[in-house]
2 protein chains.
Amino acid sequence: MNGTGTAAANDRVFAALANSVRREVLRLLRDGGPQPVQALAAHFDMARPSLSEHLKVLRDAGLVSEQRSGRQRIYRLEAAPLAEVQDWLHPYERFWRDRLKGLGELLDRMPDDDAS
Amino acid sequence: MNGTGTAAANDRVFAALANSVRREVLRLLRDGGPQPVQALAAHFDMARPSLSEHLKVLRDAGLVSEQRSGRQRIYRLEAAPLAEVQDWLHPYERFWRDRLKGLGELLDRMPDDDAS
DNA sequence: ACGATAGGTAGGAGTTTCCCTACGCGTCAA
DNA sequence: TTGACGCGTAGGGAAACTCCTACCTATCGT
């Protein structure tokens, strides 16, 4: 419907990223590959059930997936939602590109012609 | 400290983006240029003070700036934090590029050699 | 000076987040 | 089968979020 996923889906992804614990989990999965919850939990001070809830938030956002292996749950990074974030970001790129070129400054600072 | 802003700053930016009203405000500023609050408020059903609070969240995240002009406040998109989001995203890019190439599949599905 | 306009702030209600401590369920080892 | 291990869920409490209705300040037009 939207250019980049539904509004609710974007809400879920951005909200999931709006927490340093969850961003760190993603980084650990990115740099360390798929891991069981234990291995992830070792990096945090919090009680393990709290981390479980963070993992649920990440799962609901589609940012990680789990695969059962014996009594372990192996979590893996799923980057598709991040690709959508990048797509969402695209239309804004010209704003910082323009800034760097020092050009858009004047153009952007005063196009008050059509705003009522 | 971090590669891309402090954790708290990223929290603020991602949290600001985790709301469809605020994302729509950014889109309006991107497509319509700098605008007063009135012009933005016209696009939403909510009471105007509620939108004011959304604008405060965006301001605190550094995503918009205001410039007073008479009794109006002209809001402008500030894309720098979005550029930092893109930077934050970069280390994850290979994950969806690999997926597209259909290569990383096998590589990523089982590098369980160093995870304790 | 007076009223209308633009927009922020105060405070409150309902919901959600984030952490905790129990506890339940499935799996492995003895 | 019995116990330990790996993880999730339940439920609760503190704080934050999101909306509202007043209300306040500053500016413009008359």
Side-chain angles (χ1 to χ4, degrees), chain A residues 7-26 28-29 32-76 112 115-116, chain B residues 7-26 28-29 32-61 63-77 112 115-116:
Chain A
N10 278 334
D11 279 8
R12 254 176 273 122
V13 172
F14 281 121
L17 296 177
N19 180 286
S20 61
V21 170
R22 291 191 292 262
R23 285 196 305 277
E24 178 68 4
V25 167
L26 294 181
L28 289 167
L29 294 176
Q35 298 169 46
V37 177
Q38 314 176 104
L40 297 170
H43 296 270
F44 301 98
D45 273 344
M46 50 175 42
R48 198 201 32 71
S50 302
L51 182 62
S52 264
E53 286 169 16
H54 282 300
L55 290 172
K56 177 172 172 51
V57 172
L58 289 169
R59 252 184 288 127
D60 290 348
L63 284 161
V64 303
S65 63
E66 71 167 37
Q67 173 208 342
R68 284 159 209 230
S69 168
R71 54 187 156 180
Q72 306 196 121
R73 251 96 151 176
I74 310 298
Y75 276 83
R76 175 188 347 271
D112 285 332
S116 70
Chain B
N10 278 334
D11 278 8
R12 255 177 273 122
V13 172
F14 281 121
L17 296 177
N19 180 287
S20 61
V21 169
R22 291 193 291 262
R23 285 195 305 277
E24 178 69 4
V25 167
L26 295 181
L28 289 166
L29 294 177
Q35 299 169 46
V37 178
Q38 311 176 104
L40 298 170
H43 297 270
F44 301 98
D45 275 344
M46 49 173 43
R48 198 202 31 72
S50 301
L51 181 62
S52 265
E53 288 170 16
H54 282 300
L55 290 172
K56 177 171 173 52
V57 172
L58 289 169
R59 252 184 289 126
D60 290 347
L63 285 161
V64 303
S65 63
E66 71 167 37
Q67 171 207 345
R68 284 158 208 231
S69 169
R71 55 186 154 181
Q72 307 195 122
R73 252 97 152 176
I74 310 299
Y75 276 85
R76 175 189 344 273
L77 176 65
D112 285 333
S116 71

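Chain letters run A, B, ... following the sequence lines, proteins first, then strands; residues in each count from 1.
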Rounded to the nearest angstrom, tell me the gap between atom [atom1] in [X] and atom [atom2] in [N].
X	N	atom1	atom2	value
A:Q38	D:dA4	CD	C1'	13 Å
A:D11	C:dT15	CG	C1'	15 Å
B:K56	D:dC19	NZ	C1'	17 Å
B:M46	D:dT18	CE	P	9 Å
B:N19	C:dT17	CG	C1'	15 Å
B:L40	C:dA6	CG	C1'	13 Å
B:R71	D:dT27	CZ	C1'	6 Å
A:R73	C:dC28	CZ	P	12 Å

Fill in: B:H54 side chain near D:dC17 phosphate (N/O to OP1/OP2, under 4.0 Å)
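So the side chain of B:H54 is outside the cut-off, no N or O lying under 4.0 Å from OP1 or OP2 of D:dC17.
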
What nucleotide among [options] has an atom nearest to a side-chain atom of [X]?
X	options	value
B:E53	C:dG11, C:dA4, D:dC7	C:dG11
B:R48	D:dC19, C:dC20, C:dG7	C:dG7
B:Q72	C:dG7, C:dG8, D:dC7	C:dG7
A:P49	D:dT21, D:dT9, C:dA29	D:dT9
A:S52	C:dA4, C:dC18, D:dC7	D:dC7

Would a distance-only check, ignoring hydrogens and angles, find a side-chain to backbone donor-acceptor pair under 3.5 Å from [X] to [Y]?
X	Y	answer
A:R73	A:E66	no
B:R48	B:Q38	no
A:R23	B:A7	yes

Discussion item. Mind checking if B:R22 touches a base, just sugar-phosphate, or nothing, with heavy atoms under 4.0 Å?
Written reply: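 Sugar-phosphate contact only - B:R22 comes under 4.0 Å of backbone atoms but never of a base.
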
Discussion item. Classify A:Y75 by what it touches in the nucleic acid, base, sugar-phosphate, or nothing, heavy-atom distance under 4.0 Å.
Written reply: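 Here A:Y75 touches the backbone only, sparing every base.
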
Item to complete: Specify the closest pair of heavy atoms between A:P34 and A:R76, including all atoms of both residues, with the distance to one decimal.
Response: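 For A:P34 and A:R76, the tightest heavy-atom pair comes out as CG-NH1, 3.3 Å.
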
Worksheet item: Closer to the 5' end of DNA chain C via nearest nucleotide, is it A:G70 or A:V21?
Response: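 Final value for this comparison: A:V21.
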
Discussion item. Quick check on DNA chain C: between A:S50 and B:R68, whose nearest nucleotide comes earlier from the 5' end?
Written reply: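 It is B:R68, whose closest nucleotide lies nearer the 5' terminus.
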
Item to complete: For a side-chain contact (heavy atoms from CB on, under 4.5 Å) with A:L58, tell me which candidate from A:V21, A:V25, A:L29 qualifies.
Response: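 Per the side-chain contact (heavy atoms from CB on, under 4.5 Å) rule, the option paired with A:L58 is A:V25, out of A:V21, A:V25, A:L29.
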
Discussion item. Here's a test of your reading of the structure: between B:A18 and A:E66, which maps to the more 5' nucleotide of DNA chain D?
Written reply: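 Whichever sits nearer the 5' end wins; that is A:E66.
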
